[in-house]
Visitor: 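Quick one: this structure, given as structure tokens, is what I'll be asking you about.
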Amino acid sequence: MSDAIDGLFDPSRNEPPPAVDLDTLRALLQAQANTIVAVGTGGERIQNVDARWQRDSRTLNANFRRLGLKPRFPWNGLWDWYGYYSQNLASYHERRTYVRELTQEALAQLDQIETLGGIHDPAADDDTPTWENLNGRISGLIEEYSTARDRDGWQDVGRRSREILIDFGKLIADSAIVPAGQDAPKGADAKAWFDLFLAVYAQGRDKAELRSTMRAVWDLSQKVTHGDIADVDAFAAAQATVLVVRTAQKMLRDAEQEE
């Protein structure tokens with residue numbers, strides 16, 4: 001997902017990728033792998049197949065993230081793949097072997113999900129969130145919204161938004177922002193940590209509107225988890241979550257540059 005969409009995503013720019021079953025996902029994965037190999041071994045011209053490959057990659061990646069899996073083919077287009085193998089995989093044999101390994105790993109993950117009979121999000125088991133895995137969860141949130149079609153799906157967007165904010169609260173939890181003589185909030189009290197964070201990084205009368213906006217956006221993102229919600233509510237929750245996290249990250253970067 002591009003930085004522009006990450007910052008202020010607008011699903012109306014493209015048709016949302018469809019949710020597909022595991023058998024269809026396996027077939028799509030193999031077809032994408034075959035195209036990569038063909039391009040990398042002189043069997044296809046990039047300009048003839050790149051548009052289709054990018055379209056199918058959106059579906060493939062959206063469904064992998066929906067299952068809590070990291071997409072296996074990390075290139076935005078086949079010219080990116082060309083750049084990668086030109087620098088790292090000198091022979092046709094190396095390219096075939098590399099793509100085969102990526103494909104087999106992905107197929108094994110899909111087989112495991114089918115065996116377990118459910119969807120697993122490995123990030124949900126991580127008690128020590130990092131900015132890196134938080135970024136991954138934001139990408140997953142955007143893909144989750146793009147495939148949501150009913151109230152259950154929209155509520156899942158709300159739940160994922162709330163989980164991201166909880167992890168974000170853990171990341172900004174720092175005893176240095178707790179006022180002297182005040183007890184630190186509990187680790188899971190993300191809202192309390194967020195309020196302390198704003199008091200430090202958005203202090204002063206000139207930041208009053210910013211603090212008010214950020215708190216309202218935070219509240220909005222947490223109100224969509226339950227209730228009779230619609231598509232627009234899920235969109236607002238996801239967008240609010242992205243706005244809160246990215247604005248707070250900028251506050252931190254700006255503070256570091258001033259030191």
Visitor: Would you please say whether a donor-acceptor pair under 3.5 Å links the side chains of E44 and N48?
Guide: no
Visitor: Checking the side chain of E94 only, and the main-chain atoms of A90 only, is there a donor and an acceptor separated by less than 3.5 Å?
Guide: yes
Visitor: Determine the minimum heavy-atom distance between R211 and G204, stating which atoms define it.
Guide: NH1-O, 2.7 Å
Visitor: Quick one: does R72's side chain have a donor or acceptor within less than 3.5 Å of a partner on T103's backbone?
Guide: no
Visitor: Tell me if a side-chain donor or acceptor on Q32 pairs with a main-chain N or O of W53 at a distance below 3.5 Å.
Guide: yes
Visitor: Are any non-hydrogen side-chain atoms of L196 and P185 less than 4.5 angstrom apart?
Guide: yes
Visitor: Do NZ/NE/NH1/NH2 and the carboxylate oxygens of K191 and D195 come within less than 4.0 Å?
Guide: yes
Visitor: Backbone N or O of A230 within a donor-acceptor pair of the D233 side chain at under 3.5 Å?
Guide: yes
Visitor: F64 and K70: which non-hydrogen atoms are nearest, and at how many Å?
Guide: CD2-O, 3.8 Å
Visitor: Can you give me the closest heavy-atom contact between N63 and L25, atom names plus distance?
Guide: CB-CD1, 3.7 Å
Visitor: Compare every heavy atom of R137 with every heavy atom of I164, then report the nearest pair and how far apart it is.
Guide: CD1-O, 3.6 Å
Visitor: Flag yes if more than 12 heavy atoms outside Q182 fall under 6.0 Å of its CD atom; otherwise flag no.
Guide: yes
Visitor: Give a yes or no answer on whether the side chain of D50 reaches the backbone of L78 with a donor-acceptor pair at less than 3.5 Å.
Guide: yes
Visitor: Over 60° means perpendicular and under 30° means parallel, so tell me whether W75 and F73 are parallel, tilted or perpendicular.
Guide: parallel
Visitor: Is there a donor-acceptor pair closer than 3.5 Å between any side-chain N or O of W193 and the backbone N or O of K186?
Guide: yes
Visitor: Using modelled atom types only, decide if a donor and an acceptor are shared between the side chain of S212 and the backbone of A208 within a distance under 3.5 Å.
Guide: no
Visitor: Counting the benzene-type ring for Trp, do Y85 and W81 have ring centres under 6.0 Å apart?
Guide: yes
Visitor: Taking 4.0 angstrom as the limit, do R26 and D23 come out as a salt bridge?
Guide: yes
Visitor: Side chains of Y98 and N88: does their closest heavy-atom pair fall under 4.5 Å?
Guide: no
Visitor: For K250, enumerate each residue passing the side-chain contact (heavy atoms from CB on, under 4.5 Å) test, keeping only those at least two apart in sequence or located in another chain.
Guide: R253, D254
